[in-house]
Amino acid sequence: MKFTLIKDLKQDFLMKPILSGLLIFTLLYLIADVIVKNATIGIFFNDIAYNLFGNEEEFLDPMLQSVFLEFWHIEIFFIMMILLSLSAVYIRLSTMSTINLIILNTTLLSAILSLVSIVLSYFVWDSFLIVYVISFFLWHILSFYMALISLWNLHI
């Protein structure tokens, strides 16, 4: 996280390619995360409900609690790493305005909400899946935007 100490990131010839790579990998991760989620638990309400809770008519067993908790644990780690790194870069490369502050806070809060809502839907009430789907897409879209803007600001 040396980039947090460098005064002008755009002029540092060593950090510019490293940050560019970080942002490109972040963009690829966000795209791949949606694809992987679609292939595993689903990205829409009905698909996620079938995979988490099963379906007696189609003889689908519900997801085991241990499998779900492992999935959730991995999600916490990856979201934390992606968003903390991306937020630090975004803050350094963007002018801090009210809209950028709203985007940053909305991204972080929607990511946390997605983590909390999927646990609540699994253990408490399945209607929290709607909150999960909305917050999942919201934090992905805003993170993608933040990475693109950071990459743009790094190279102009």
Side-chain angles (χ1 to χ4, degrees), residues 1-10 12 15-49 51-52 63 65 67-156:
M1 303 266 288
K2 181 182 175 186
F3 63 85
T4 59
L5 301 175
I6 296 172
K7 191 167 193 146
D8 189 6
L9 292 174
K10 295 178 185 181
D12 191 326
M15 286 306 292
K16 196 171 182 177
I18 293 170
L19 286 178
S20 296
L22 175 71
L23 293 168
I24 289 168
F25 279 117
T26 299
L27 291 170
L28 291 173
Y29 170 80
L30 292 167
I31 293 167
D33 191 41
V34 173
I35 293 168
V36 168
K37 291 279 185 335
N38 188 39
T40 55
I41 68 164
I43 56 175
F44 299 109
F45 181 82
N46 289 336
D47 297 331
I48 299 169
N51 286 306
L52 288 183
M63 184 181 284
Q65 185 176 355
V67 174
F68 174 77
L69 291 174
E70 183 179 357
F71 160 77
W72 190 58
H73 179 260
I74 292 168
E75 284 297 297
I76 290 171
F77 178 76
F78 279 117
I79 290 172
M80 176 193 66
M81 293 306 293
I82 288 291
L83 289 183
L84 292 179
S85 301
L86 180 59
S87 296
V89 173
Y90 184 71
I91 288 168
R92 287 297 314 273
L93 291 173
S94 299
T95 57
M96 273 296 106
S97 63
T98 304
I99 190 71
N100 285 340
L101 191 59
I102 291 170
I103 289 170
L104 181 63
N105 286 319
T106 304
T107 303
L108 295 172
L109 289 173
S110 62
I112 291 170
L113 184 61
S114 73
L115 290 169
V116 170
S117 62
I118 196 161
V119 169
L120 290 174
S121 66
Y122 188 82
F123 290 110
V124 179
W125 189 33
D126 63 347
S127 292
F128 280 109
L129 280 181
I130 296 168
V131 176
Y132 169 74
V133 170
I134 293 168
S135 58
F136 173 81
F137 280 115
L138 183 61
W139 86 258
H140 274 75
I141 291 167
L142 291 175
S143 296
F144 198 83
Y145 171 79
M146 287 170 50
L148 283 177
I149 292 301
S150 296
L151 198 55
W152 175 263
N153 288 339
L154 185 62
H155 290 284
I156 62 163

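Along the sequence shown, residues are numbered consecutively beginning with 1.
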With heavy-atom distances below 4.5 Å as the criterion, would you say the side chains of Ile24 and Leu28 are in contact? yes
So, does Tyr122 use its side chain to make a donor-acceptor pair with the main chain of Met63 at under 3.5 Å? yes
For the student: nearest non-hydrogen atoms of Glu75 and Asp33, plus distance: OE2-OD1, 4.3 Å
With rounding to the nearest 0.5 angstrom, report the CD1 to CG distance, Ile134 to Leu138. 9.0 Å
Take Ile149 and Asn100, measure what side-chain contact (heavy atoms from CB on, under 4.5 Å) needs, and give me the verdict at the end. CA-CA 10 Å; Ile149 292 301; Asn100 285 340; 5.9 Å; no
Spacing of CG belonging to Leu108 relative to CE belonging to Met146, to within rounding of 0.5 Å: 6.5 Å
Under the side-chain contact (heavy atoms from CB on, under 4.5 Å) rule, what do Leu22 and Ile18 come out as? Steps first, then yes or no, please. CA-CA 6 Å; Leu22 175 71; Ile18 293 170; 5.7 Å; no
For Phe144 and Ile31, run side-chain contact (heavy atoms from CB on, under 4.5 Å): C-alpha distance rounded to whole Å, both residues' side-chain angles, the deciding distance at 0.1 Å, then the answer. CA-CA 9 Å; Phe144 198 83; Ile31 293 167; 3.8 Å; yes
Do Leu27 and Leu151 have side chains that get closer than 4.5 Å, going by heavy atoms? yes
Just checking Met80: does its CE atom have more than 12 heavy atoms from other residues, nucleotides or ligands closer to it than 6.0 angstrom? yes
According to the side-chain hydrogen bond (donor to acceptor under 3.5 Å, both in side chains) rule, which pairs have a member within residues 108-119, sequence neighbours left out? none
For a 4.5 angstrom cut-off between non-hydrogen side-chain atoms, does Phe137 reach Ile43? yes
Taking the side chain as every heavy atom from C-beta outward, state whether Ile118 and Ile41 have any pair of such atoms under 4.5 Å apart. yes
Using side-chain heavy atoms (C-beta onward) and a distance below 4.5 Å, is Thr26 in contact with Ser143? no
Where do Asn51 and Thr40 land on the side-chain contact (heavy atoms from CB on, under 4.5 Å) test, with the steps shown first? CA-CA 8 Å; Asn51 286 306; Thr40 55; over 6 Å; no
Give me the ring orientation class for Phe123 and Phe68: parallel if the planes are under 30° apart, tilted from 30 to 60°, perpendicular past 60°. perpendicular
At their closest point, which heavy atom of Ile103 faces which heavy atom of Thr107, and how far apart are they? O-OG1, 2.7 Å
So among Leu83, Leu109, Leu86, Ile91, which one has a side-chain contact (heavy atoms from CB on, under 4.5 Å) with Leu104? Ile91
Enter the distance from Leu120:CG to Leu129:CG here, rounded to the nearest 0.5 Å. 10.5 Å
dist Ile82:CD1 -> Leu30:CG (nearest 0.5 Å) comes out at 6.0 Å
Check the angle between the aromatic planes of Phe136 and Trp139 and answer parallel, tilted or perpendicular using the 30° and 60° thresholds. perpendicular
Decide yes or no for Leu115 and Trp72: does some side-chain heavy atom of the first lie under 4.5 Å from some side-chain heavy atom of the second? yes
Here the gap from Leu93 atom CG to Ile156 atom CD1, rounded to the nearest 0.5 Å, amounts to 10.0 Å
How many angstroms lie between CG in Leu148 and CG in Asn153, if you round to the nearest 0.5 Å? 11.0 Å
Gly42 and Asp47: which non-hydrogen atoms are nearest, and at how many Å? CA-CB, 3.9 Å
Quick check: do Leu19 and Arg92 have side-chain heavy atoms less than 4.5 Å from each other? no
